Amino acid sequence: MDHVKHSFGNPAILLLFFVGFLCLCVWSFSYITNPFSVFRKESLSTQSNTTNIRVPQDDLEEALSKASMANKTVIITIINKAYADQDIQADTTMLDLFLESFWLGENTRPLLDNLLIVAIDQTAYDRCLFRRLNCYRLKTDGVDFEGEKVYMSEDFIKMMWTRTLFLIEVLKRGYSFIFTDTDVMWLRNPLIRLSTNETEDLQISTDYFLGDLRSENHQINTGFYYIQSNNKTIKLLRIWYAMKNSSEGQKEQDVLLNLIKGGIIRELNLRVTFLDTLYFSGFCQDSKDLRVVATVHANCCRSISAKVNDLKAVLRDWKQFKYTSYKRLANVTTNLGWSMHWGCSKSWS
């Protein structure tokens with residue numbers, strides 16, 4: 001008993017007990033008046049460390065944002081195994097030629113940063129990743145799009161409609177885009193010839209140019225077009241896709257052509273430009289001047305092998321033109337032209 005009295009009589013120990021008791025009372029009072037204060041501080045501290053982290057909505061949004069230009073414009077092409085992988089007898093692929101044109105073209109190399117390659121089978125996706133490009137894997141449940149889809153075959157038509165449905169989703173996300181088939185050679189930066197004015201809803205290539213940029217009588221080609229993302233264009237593509245089931249035997253390009261001839265441009269108050277083949281040419285109608293041509297499309301052609309054969313000739317012609325122009329500088333004659341498209345001509349027989 002004397003020992004206990006002695007312990008509690010020690011002033012230092014008493015002071016320690018008193019300070020501890022006082023702190024406990026203050027903390028308890030703070031918790032009672034605001035029981036979430038401690039957790040709120042912790043939450044705010046955690047939040048301040050994560051506010052600058054942007055979590056992509058999904059894989060597509062991540063792919064689009066990575067490839068996007070500053071004005072939310074993306075270049076999109078869609079490939080399958082037949083376009084990306086060599087068969088036994090081939091020495092190159094359509095994808096190889098497509099990418100080679102960006103290398104050989106004028107002011108086109110930087111555009112690869114804005115190119116999104118959409119693969120509709122695993123082989124095409126793997127090839128894209130191997131080339132270290134911007135890649136997105138579009139999964140199509142229950143449909144095999146791996147092999148070559150011959151022009152106007154049932155699978156070809158299905159693949160074109162799948163493409164249209166995907167592109168609607170891109171527009172809905174607020175991205176404008178230049179869609180390009182992989183059989184289009186980019187010889188010059190086409191943005192020099194395309195209007196970047198957002199009032200131009202759609203700028204679309206033609207098989208044959210009729211001399212009037214606004215004429216709705218053109219034979220359009222959906223292998224190359226520039227479309228702005230807005231309510232009018234989203235509605236256009238939705239109406240277009242909605243015609244799929246009532247357009248048996250027609251490819252999506254024919255359905256859009258019929259909509260244009262039926263007055264859809266005026267109905268939706270769209271501003272549409274039909275591109276001149278002088279700048280955006282193809283095998284249907286060659287550009288007459290290599291000094292100004294921007295793209296060359298292997299249209300009016302039925303098979304991949306024929307396209308590859310004739311597009312190799314296009315790139316040879318382009319290299320010859322570049323060599324000649326460097327040698328003669330500005331005194332390039334207009335006599336330089338394109339090789340005949342023999343492969344594509346024979347592909348119809």
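Computed from a predicted structure; not experimentally measured.
Atom CG of N114 is separated from atom CD1 of I76 by 11.5 Å, given to the nearest 0.5 angstrom. Taken to the nearest 0.5 Å, the CD1 atom of I120 stands 7.0 Å off from the CD1 atom of I78. Separating the CG atom in D276 from the CZ atom in F280 is a distance of 9.0 Å, to the nearest 0.5 Å. The CG atom of L278 sits 11.5 Å away from the CG atom of D286 when rounded to the nearest 0.5 Å. Taking CG from L259 and CD from E216, the interatomic distance works out to 11.5 Å, rounded to the nearest 0.5 Å. Put simply, CG on L315 and CD on Q320 are 13.5 Å apart, with the number rounded to the nearest 0.5 Å.
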> Would T108 and L187 satisfy side chain to side chain contact (heavy atoms under 4.5 Å, CB included), going step by step from the backbone distance to the final call?
Replying inline: CA-CA 7 Å; T108 50; L187 304 181; over 6 Å; no

What verdict does the side chain to side chain contact (heavy atoms under 4.5 Å, CB included) test give for Y175 and S65, after you've listed the backbone C-alpha separation in whole Å, the side-chain angles of each residue and the deciding distance to 0.1 Å? CA-CA 9 Å; Y175 290 91; S65 62; 3.6 Å; yes

For side chain to side chain contact (heavy atoms under 4.5 Å, CB included), just list the numbers for W161 and Y241, CA-CA rounded to whole Å, side-chain angles, deciding distance to a tenth of an Å, and then say yes or no.
-> CA-CA 7 Å; W161 283 117; Y241 185 76; 3.8 Å; yes

**Prompt:** Going through the distances and angles, do F177 and I227 end up as a side chain to side chain contact (heavy atoms under 4.5 Å, CB included)?
**Reply:** CA-CA 6 Å; F177 61 82; I227 188 167; 3.3 Å; yes

request  = Evaluate the salt bridge (Lys or Arg N to Asp or Glu O under 4.0 Å) criterion for residues D126 and R131: first the C-alpha distance (whole Å), next the side-chain angles of each, then the deciding distance (0.1 Å), finally the verdict.
outcome  = CA-CA 9 Å; D126 291 341; R131 299 297 292 262; over 6 Å; no

_Check against salt bridge (Lys or Arg N to Asp or Glu O under 4.0 Å), R163 and E252_ = CA-CA 9 Å; R163 179 175 87 179; E252 36 63 74; 3.5 Å; yes

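The hydrophobic cluster containing V292 also contains Y226, counting ILVMFWY residues as joined when their side-chain heavy atoms lie under 4.5 angstrom apart, directly or transitively. In the hydrophobic clustering of this structure, L138 groups with V170; members are Ile, Leu, Val, Met, Phe, Trp, Tyr whose side-chain heavy atoms approach within less than 4.5 Å, directly or through other members. Residues L95 and Y125 fall into different hydrophobic clusters, defined by Ile, Leu, Val, Met, Phe, Trp and Tyr side chains chained together at heavy-atom separations under 4.5 Å.
No donor-acceptor pair under 3.5 Å is formed between the side chain of D181 and the backbone N or O of V184. For D96 (side chain) and T93 (main-chain N/O), a donor-acceptor pair under 3.5 Å exists by modelled atom type. Looking only at distances, a side-chain donor or acceptor of W318 sits under 3.5 Å from a matching main-chain atom of L104. At distances below 3.5 Å, not a single donor-acceptor pair connects side-chain atoms of R127 with backbone N or O atoms of A119. The backbone N or O of N299 lies less than 3.5 Å from no partner atom in the side chain of N221, so there is not a single donor-acceptor pair. Of the possible polar contacts, one joining the T206 side chain to the L275 backbone as a donor-acceptor pair under 3.5 Å is found. Side-chain N or O atoms of S101 include one that pairs as donor or acceptor with a backbone N or O of F98 at under 3.5 Å. Using modelled atom types, one side-chain atom of D58 and one backbone atom of E61 make a donor-acceptor pair closer than 3.5 Å. Side-chain atoms of S287 never come within 3.5 Å of backbone atoms of V293 as a donor-acceptor pair (strictly under, hydrogens ignored). Side chain of T164 to backbone of M160: a donor-acceptor contact under 3.5 angstrom is found.
Of the listed residues (T180, T295, N107), just one forms a side-chain hydrogen bond (donor to acceptor under 3.5 Å, both in side chains) with W186, and that residue is T180. The only option from R271, K232, K235 that meets the salt bridge (Lys or Arg N to Asp or Glu O under 4.0 Å) definition with D201 turns out to be K232.
By the side-chain contact (heavy atoms from CB on, under 4.5 Å) test, W103 is found to be paired with E100, R109, residues two or more places apart in sequence or in another chain being considered. Scored by the side-chain contact (heavy atoms from CB on, under 4.5 Å) test, K312 finds D91, T92, L97, V308, R316 as partners (sequence neighbours excluded).
In this structure, L116 and L64 have side chains that are in contact, with non-hydrogen atoms separated by less than 4.5 Å. A 4.5 Å side-chain heavy-atom check between I260 and V272 finds every atom pair outside the cut-off. Q203 is listed as a side-chain neighbour of S195, based on a closest heavy-atom distance under 4.5 Å. Side-chain atoms of I117 and N134, non-hydrogen and from C-beta on, never get closer than 4.5 Å to each other. Side-chain atoms of Y225 and L202, non-hydrogen and from C-beta on, do get closer than 4.5 Å to each other. Side-chain contact between T222 and K251 is absent, with no heavy atoms from C-beta onward closer than 4.5 Å. Under the 4.5 Å side-chain criterion, counting only non-hydrogen atoms from C-beta, V296 is in contact with F283. The shortest distance between side-chain heavy atoms of L167 and K172 does not fall below 4.5 Å.
Residue-environment remark: CD (Q86) exceeds the threshold of 12 foreign heavy atoms within 6.0 Å. Within 6.0 Å of atom CG in N71, more than 12 heavy atoms from other residues, nucleotides or ligands are found, so the atom counts as buried in its surroundings. Counted within 6.0 Å of CZ on R132, heavy atoms from surrounding residues, nucleotides or ligands total 12 or fewer; the atom is thus considered open. K346 NZ: 12 or fewer foreign heavy atoms inside a 6.0 Å radius.
Checked by atom type, the side-chain pair E200/T273 shows a donor-acceptor distance below 3.5 Å. Counted by atom type alone, S176 and Q228 present one or more donor-acceptor pairs between their side chains at under 3.5 Å. In summary, the side chains of N80 and D121 do not present any donor paired with an acceptor at a separation below 3.5 Å, with no hydrogens or angles considered. No hydrogens or angles considered: a donor-acceptor pair under 3.5 Å links the side chains of Q285 and T277. T77 and T182 share a side-chain donor-acceptor pair at under 3.5 Å.
C300 has its SG atom at least 2.5 Å from the SG atom of C344.
The pair R214-D212 does not count as a salt bridge, with every side-chain nitrogen at least 4.0 angstrom from each carboxylate oxygen. At a threshold of 4.0 Å, the pair E62-K66 does not count as salt-bridged, since none of the basic side-chain nitrogens sits closer than that to a carboxylate oxygen.
When every heavy atom of R188 is checked against every heavy atom of L290, the shortest pair comes out as NH1-O, 2.8 Å. Residues C135 and A63 come closest through the heavy atom pair O-CB, 4.3 Å.
Taking the ring centroids of F209 and H218, they lie under the 6.0 Å cut-off.
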